[in-house]
Amino acid sequence: MPLLCLASPKGGVGKTSLASGLAHALHRMGRPVFAIDCDPQNALRLHLGLPITDPEGYLARLHMRPDWRACLRRTPAGPDLLPYGETDMRGALATSSLIEREPELLAGPVRAMLADPAAIVVVDTPPGASAALQILAPQASLVLAVLLADAASTALLPEIETGRFLGRGTLGTLVGPKLRVVLNQVDRHSRLSVSAAEGVAAHLGARLAGAISREEAVAEALACQRPVGAHAPYSTAARDIEDLAATVLREMPTPAPTPVVAPVTSSLFPWSRP
């Protein structure tokens, strides 16, 4: 019953695109997948194919104590999604405060989803430290920190390695052993991007879980409201995400019977593919 949290020390790194891609890839590998959007931007629903006009969700209505099962949506992409729901900044701050006061409002639904030993729960958390991440990270099998392959992201490595970006207290120490890094939007045609990625890889070693190519197919997939693996399954980015999903499965608890996992057919670095 693995829980996978996606986090990032800052916004704009493609975390939600990656969350949707991983949820879709894991679903295609035969695992029941629940996706939870804890980011007030409420964007994960768009990546998984729910209508842009649909304002409903769970966390945005948390003050009303809704039944999370009634808020769960089956998406065209396959995974079941618990959307955040439509909100504004004031509502998002109120929800964050409520989660801090009553963590069971978030931890309870996650625990119920994990009652299925074959299920994987993929959580898209807000950038930086958040109440959702502080509640869920200690329970997670893996926490994937998403960075871009650029100089600004490499400067954030100390925040990643020490766990400071997760928040104050002992959370960084608790989560450290299960924290992995994903480099997103690696531009194979940019010497700077490739050099930054290779430098981060050399520094992190086994803590680097994967690297995802920068491709127009990713933006096109969002415009079509589909994960890139559904929109352009033979694209390099889709194959990179499949490789990452296989890595995630290898590092997570395996239920019985063992699901069929697509083999990794390429190296960690997409720019080295033939």
Side-chain angles (χ1 to χ4, degrees), residues 1-11 13-23 26 31 33-41 43-44 58-59 62 68 79 81-82 84 92-93 95-115 119-147 153 156-184 204 206-210 244-245 247-253:
M1 41 186 175
L3 170 62
L4 173 64
C5 291
L6 279 86
S8 62
K10 67 185 188 71
V13 298
K15 173 179 53 64
T16 300
S17 291
L18 187 56
S20 69
L22 273 174
L26 291 166
R31 298 292 290 268
V33 176
F34 295 96
I36 303 177
D37 194 351
C38 291
D39 192 329
Q41 293 186 54
L44 189 55
Y58 178 67
L59 289 180
L62 207 56
W68 68 269
L81 171 66
L82 197 62
Y84 189 99
L93 291 173
T95 295
S96 180
S97 296
L98 182 55
I99 292 173
E100 288 181 347
R101 294 194 306 272
E102 300 182 49
E104 188 62 18
L105 291 173
L106 177 58
V110 172
R111 190 165 54 250
M113 293 175 187
L114 293 174
I120 294 179
V121 178
V122 178
V123 182
D124 184 22
T125 68
S130 67
L133 187 58
Q134 292 190 41
I135 291 166
L136 298 180
Q139 307 174 46
S141 300
L142 282 177
V143 176
L144 290 182
V146 185
L147 292 177
S153 288
L156 294 170
L157 281 177
E159 296 288 317
I160 298 290
E161 292 183 298
T162 61
R164 286 196 300 266
F165 87 101
L166 296 170
R168 295 173 294 177
T170 60
L171 185 60
T173 302
L174 293 172
V175 175
K178 49 193 175 185
L179 182 64
R180 301 290 183 273
V181 175
V182 180
L183 284 175
N184 200 21
L204 291 176
R207 288 172 294 177
L208 182 64
L244 178 60
T247 297
V248 164
L249 283 184
R250 286 197 299 270
E251 296 204 27
M252 283 184 162

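Only heavy atoms go into these numbers, but all of them, side chains included; no hydrogens, no water, no symmetry mates.
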Min side-chain heavy-atom separation S130-S96 under 4.5 Å | no

Yes or no on side chain to side chain contact (heavy atoms under 4.5 Å, CB included) for L6 and S8, after CA distance, side-chain angles and deciding distance?
-> CA-CA 7 Å; L6 279 86; S8 62; over 6 Å; no

Nearest heavy-atom pair of L249 and R31: which atoms, and what distance?
-> CD2-NH1, 3.4 Å

Might you point out which heavy atoms bring Y58 and P109 nearest each other, and give the distance in Å?
-> OH-CG, 3.6 Å

For A43 and D37, the nearest pair of non-hydrogen atoms, with its separation, is N-OD2, 3.4 Å

Spatial distance of atom CG (L81) from atom CG (L44) [nearest 0.5 Å] | 5.0 Å

Say you draw a straight line from CG of L22 to OG of S17; how long is it, rounded to the nearest 0.5 Å?
-> 11.0 Å

Between CZ of R111 and CG of L3, what distance do you get to the nearest 0.5 Å?
-> 12.0 Å

With V182 as reference, evaluate L208, L144, L147 under the side chain to side chain contact (heavy atoms under 4.5 Å, CB included) test and give the passing residue.
-> L144

Return each pair, listed once, that meets salt bridge (Lys or Arg N to Asp or Glu O under 4.0 Å) where at least one residue sits in residues 122-142; pairs must be two or more places apart or across chains.
-> K15-D124

Rounded to the nearest 0.5 Å, how far apart are CD1 of I120 and CG of L26?
-> 4.5 Å

Please report the C-alpha distance between L62 and E102 in whole Å, then the side-chain angles of each, then the deciding distance to 0.1 Å, and finally whether the side chain to side chain contact (heavy atoms under 4.5 Å, CB included) criterion is met.
-> CA-CA 10 Å; L62 207 56; E102 300 182 49; over 6 Å; no

Considering only heavy atoms from C-beta outward, does the side chain of R180 approach that of T247 to under 4.5 Å?
-> no

At their closest point, which heavy atom of A140 faces which heavy atom of V143, and how far apart are they?
-> CB-CG2, 4.0 Å

Check: V122 and P79 side chains under 4.5 Å, non-hydrogen atoms | no

CD/E104 to CD1/I135 distance, rounded to the nearest 0.5 angstrom?
-> 9.5 Å

Please report the shortest heavy-atom distance between P127 and D39, naming the atom on each side.
-> CD-OD2, 3.6 Å

Going from CG on L82 to CZ on F34, what distance comes out if it is rounded to the nearest 0.5 angstrom?
-> 10.0 Å

Just jot down the side chain to side chain donor-acceptor pair (under 3.5 Å) partners of Q139, sequence neighbours excluded, or say none.
-> none

Does N184 use its side chain to pair, donor to acceptor, with the backbone of V146 at less than 3.5 Å?
-> no

Under 3.5 Å, side chain of T95 to main-chain N/O of L59, donor-acceptor pair present?
-> yes

Kindly give the heavy-atom pair with the smallest separation between P2 and L114, and that separation in Å.
-> O-CD2, 3.3 Å

Any donor-acceptor pair under 3.5 Å from S97 side chain to L93 backbone | yes

